[in-house]
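Okay, so here's the structure we're looking at.
Throughout, protein chains are lettered first and strands after them, A, B, ... in sequence-line order, and every chain is numbered starting at 1.
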Amino acid sequence: MEAVLEAFLSHYNYGMAIILMMIGLYALIAKQNLVKKLIGLNIFQTAIFLFYISFADVEGGIAPIYLPEGMEAIYVNPLPHVLILTAIVVGVSVTAVGLSLIVRIYEEYGVIDEAGLLKMVKRR
Amino acid sequence: MIEHLPVLLVTVPIVAALLILLLGWHDSRFCYPLTLATILFQFAGGIALLIEVMREGTIHYYLGGWAPPLGIEFVIDTFNGYILPIVLLLALATAVYARRSVEKEIKPEKIVSFYVLFQLLVTGLVGMTITGDIFNLYVFLEISSIAAYTLIASSRKPRAYVAALNYLVLGSIAGGFVLLGIGNLYVATGTLNMADLARLLPASYGLATVHTAFLLLVIGFSIKVALFPLHLWLPDAYTEAPSAVTVLISTVMAKVSVYAMFRVIFSVFTTAYFVETVPVTELILFIAAVAIVAGAVLAIAQEDLKRMLAYSSVSQVGYIVFALGVANQIALEGGLLHILGHAVMKGCLFMVAGVIIYRLGTSSFSDLKGVAATMPVTCAAFALAGASMIGVPPTIGFASKYYLVLGALEAGHWVYAAVLLAGSLLAVGYIWRFIEVAYFSASSHHEGGDHHPAPGVREAPLSMLVPMVILSILCLVLGIFVDPLMKIVAPAVSLLLGGA
Amino acid sequence: MIWDLDFALLLFMIICAIAAITVRDLLHAAVILAAYSLIMTVLWSEMNAVDVAFTEAVVGAGVTTVLFIAAIARTERSSSD
Amino acid sequence: MVDVTGLLPAVTVVIPLLAAVMILVSGRHENIRDGFTVAAAVAMLVSVVAMLPSILSGERITISLIPLLPGGDLALRVDAFGMVFALTAAVLWLLNSFYSIGYMRSLKEHAQTRFFFCLAVAIAAAIGIAFSANLVTLLVFYEILTIITYPLVVHVETPEAMAAGRKYLAYLLIGGIFFLAAVILTYILTGTTGFVPGGFLAGSAPPLTLQILFVLFMVGFVKAAWMPLHGWLPAAMVAPTPVSAFLHAVAVVTAGVFGIVRIAGWVYGMDLLASLGLGTLLAVIASFTIITASLFALTEDNLKRRLAYSTVSQLSYILLGVSMLSIAGMTGAMAHIPIHAFLKITLFFVAGAVIVAAGRERISDMKGIGRKMPVTAVMFSAAAIGICGLPPLSGLISKVYLALGAVEGGVPILLIVLIASTVLNAAYFFPIIHTMLLGRPDDERSLDSVSEPPLTMLVPIVLTTVASVLIFFFPSMPFMDLVEIAIGEITGSVIP
């Protein structure tokens, strides 16, 4: 029991991240509404970010902020943080492009769900 | 100067893009010459780097002087030294071709942003090609992808928005998978530098993390290169995009994605991993064979030239991935040759489709009867590039097919070699659709004399014709002078197979 | 790291995620997504990723939500699924 | 055998290619354009003939152009056997050029520029095939020939022609794929694809592999139109007659049988073929084709289609000769290539002349036509007699060698095939001769407007017939001499 709890405790946030990813992926693929798809995309991306932050975290570590001379501490790994900063910017750009496309599609076809769109595209 | 060339290839265009934006605001006539000049510079740089690599060996450039693993490095070795000029050659050809095409297909107020995005797309792809850092690869991948989504949507056709959004959704999933895969690799090794990864990974080949990373990366890149069951975004995106954008993404972007896939599989994971540790070569071969056949069959079923060419790309990607599955020296030489060959011929074919849309306003087969009589040069270019697509000797398409079959037979894959050959026959099926319609269609038949041009339709403008004809002639020239070409390709393949 | 706090936050996030993709009103969905991002921010700062947390608060919960609301305002609010 | 390096083989191939470019450029000016065709034909003939003395003295002219692929450079080598084909093609192309110009202008055909362009490239490919030094080069020119003859076949652009064109392309390209597979396999087995007199495959692989490889080659050379892979040839008859003449005599089918003989003599070698039992396979295919195709020919009323089946049948004489795996058989096979070409082109020229002069394609419509076009009809009769193997025409020569080979090889059944085929040849040709010369038209006045074709067409007809007679009387000049050298090359002995 102890061992199981141990294993669970050391890995549960990975599991959670994966659940979140799956939720996002499901929305991306299965949802008909285009805005819902993008919400799914956001969840999917943040879940990946969560995964990065999780593995960067070190037991008993502290935030990688410069400490005065003489103080020793275990920093958490700062590199994934930097990576994720970049990835967040990329993610918001993708969302912005996607949303502007949805607005355009709505202006052209008057619908924002996939089934309706398919009908409209075929009709033209 | 020359030692800073790698970084200049990326920074100069970004500065140029800003300049285009600023000057274009003032007067949109500045955009085109600036774009052309920048890409010309990049092309020259790419050639210079290739020569340098062939002469001196691998070039390492530490960004900002920070050596890896702390800093990001650009690495140009024989493999991407070979890819880079291909990318830039096609980008240059597209840039020349784009001017007239863009005037017609894109709203005037969007022309400035078109060139800015064009520049960013090319730069993103160049960055992907030369970076030695796997996370940097991801960033450049996303930059170029975002530029591509926007460029596709810049068409006047409303359907392009839908195509772009579809691409965006699938592209983002791919990006997410790649990002996740990179994360796994980092967990396993603690580094993001590709050379370091290759060095450190073998110790943890047994770990589930590494297997997961491999799977995620392969699936992510498979979406990006549109490997058969994951190709769904491609036909719409290629068909609906403005002609110049189609040329660019179908050649340069598709090829850089393939490059990234090869780079990660061979240079990060090494052959030892994916041939021995996780024996997936049979599976890859199977998928590639299915892609070759299914893509060609779907292409034959199309009623529109541009869409047909799009499905043909699905089929042709299969050839390149096929080389990956065989994974021996000769087959990979064929695969790398096909990266070049397919870029050149598909670029030419899409340019033809674009020219036809430019003049006729449509690319549906039923409207193209006898078009060869009015646009002889265009159709001749198609015929030559099409022959290369089919693999008629002595074109480049034949050479790559020859190497691929030779490699497959040498590895003992008899059945797959047969599929490859049959696939090239299917290519006849779709290329001939156009040839028959354009050259031998009844409506063009006139008693007692040569074909007469239909009124109003003329040969394409010179600035579109020249890059198109040059590419089609390249199909032949590269096919004839394939042996000197192999002097560049062979070391690249040795590098891939040797790991690191 | 306080594991039970983490665990609770994660659970709450999953609930938010599911809610965001199930509610029929897109405006509600956007707001729930903002809440999701804010919880993520808390979680990350608790995991010592303060810099990322700040960025996410601004970009994820802020900019993204604004973008979503703007887009929904120019299209329609209701969703069929 | 002495190999000398020379530029002439390459020049010979390049001449028609240059002409093709010039034809495209000068397309608007008919006379200049057709001038280029004729000039190139003359130049090419001169260039081929210039190589003749050195070949006859036992030399081989080689030139390696560029390294192409693993397995073979793009390399040319003119040997005696290649010369047989090249000389035939060069002479007949010159005559065919005049004939084509006359034909196309008389009928005011459309797209003449395309027509002459394709013809010029096709002849370059045919010469390339004749001069190929290895399988890779052969493959390159073989495929070019396939693609470039397609526009010729579908020239009239009717739906029927398009369907025939698809059939043509399907057969020949699938064949090409098999050929490619065979070439690659040969390279994997031996590490080379260069032709070696007497063959180089012996001992390189287990018999079964070599047998399969041979089948691949045979399917690859579907241009030889052996049954049951002959379907494309009658279908291709929708093309204008000069094209048919070109396909049947100058380039395409000849390239097919040429390829098979090359494979037999220079890749396998006769000893290896014998030990693999492939002679029997070839003999069966050839006998079946000879008899069946003749029977098909009997039932055809369309003159060109009847001639097409005749070609299918006659080509298998060459396979039959190879299958005997004896010196006499091989001699007959090689000799039959030019002999058949000269005779068959006459027949096609006449068929075209009848179309131009009288607008008739069906044999039953040709009653008494010989009275209005006597020269044409007589030439047709002469060539038909030649195909049947009667003197004083060249057809007899190859038949004698084939018969000799059958007896020598101890397979009398092949002799029976030869005799039966001669009877069948007579059976399908004599009625035509009878109809043309002695028949009475149903309506006398329908022939009023009929007269001899224009001189550009008539002269080639006469010349090819005369050539066939000359070959009979002076066989050694130069064809049999060349064949003799070629036989000596692959067997190390001389013709009995």
Region of [X] in contact with chain C, defined by heavy-atom distances below 4.5 Å:
{"X": "A:L50", "value": "both"}
{"X": "A:L34", "value": "neither"}
{"X": "A:F49", "value": "both"}
{"X": "A:E107", "value": "side chain"}

- [ ] Using heavy atoms and a sub-4.5 Å threshold, report which of residues 90-98 of chain A line up against chain C, by residue number.
- [x]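 Heavy-atom contacts from residues 90-98 of chain A to chain C are A:V92, A:T95, A:A96.
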
Do the non-hydrogen side-chain atoms of [X] and [Y] ever get within less than 4.5 Å of each other?
{"X": "C:L11", "Y": "A:M16", "value": "yes"}
{"X": "A:L20", "Y": "C:I14", "value": "yes"}
{"X": "C:Y36", "Y": "C:L33", "value": "yes"}
{"X": "C:I21", "Y": "A:I39", "value": "yes"}

Contact part of [X] toward chain A, heavy-atom cut-off under 4.5 Å: side chain, backbone, both or neither?
{"X": "C:S78", "answer": "backbone"}
{"X": "C:I72", "answer": "side chain"}
{"X": "C:F68", "answer": "both"}
{"X": "C:L67", "answer": "both"}

Open item on the list: Going by salt bridge (Lys or Arg N to Asp or Glu O under 4.0 Å), name the pairs with one or both residues in residues 20-35 of chain C, residues two or more places apart or in two chains.
Closed with: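 Residue pairs passing salt bridge (Lys or Arg N to Asp or Glu O under 4.0 Å), neighbours aside: C:D25-C:R77.
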
Please check: side-chain N/O of [X] versus main-chain N/O of [Y], any donor-acceptor pairing under 3.5 Å?
{"X": "A:K31", "Y": "C:T22", "result": "no"}
{"X": "C:E76", "Y": "A:I112", "result": "no"}
{"X": "C:S45", "Y": "C:V42", "result": "yes"}

TODO: Report the option among C:C16, C:A71, C:A70 that has the most heavy-atom pairs separated by less than 4.5 Å from atoms of chain A.
DONE: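 Answer, by heavy-atom pair count under 4.5 Å with chain A: C:A71.
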
Task: Options A:V111, A:I102, A:L85, ranked by heavy-atom pairs under 4.5 Å with chain C, top entry - done: A:L85

Open item on the list: Quick check: A:F55 with A:Y52 (ring centres under 6.0 Å apart)?
Closed with: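 Judged by ring-centre distance (under 6.0 Å), A:Y52 and A:F55 do meet the cut-off.
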
Open item on the list: With rounding to the nearest 0.5 angstrom, report the CG to OG distance, C:L43 to C:S37.
Closed with: 12.0 Å

TODO: Taking all non-hydrogen atoms of both residues into account, name the closest pair between C:M40 and A:A47 and its distance.
DONE: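 Of all heavy-atom pairs spanning C:M40 and A:A47, the closest is CE-N, 4.3 Å.
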
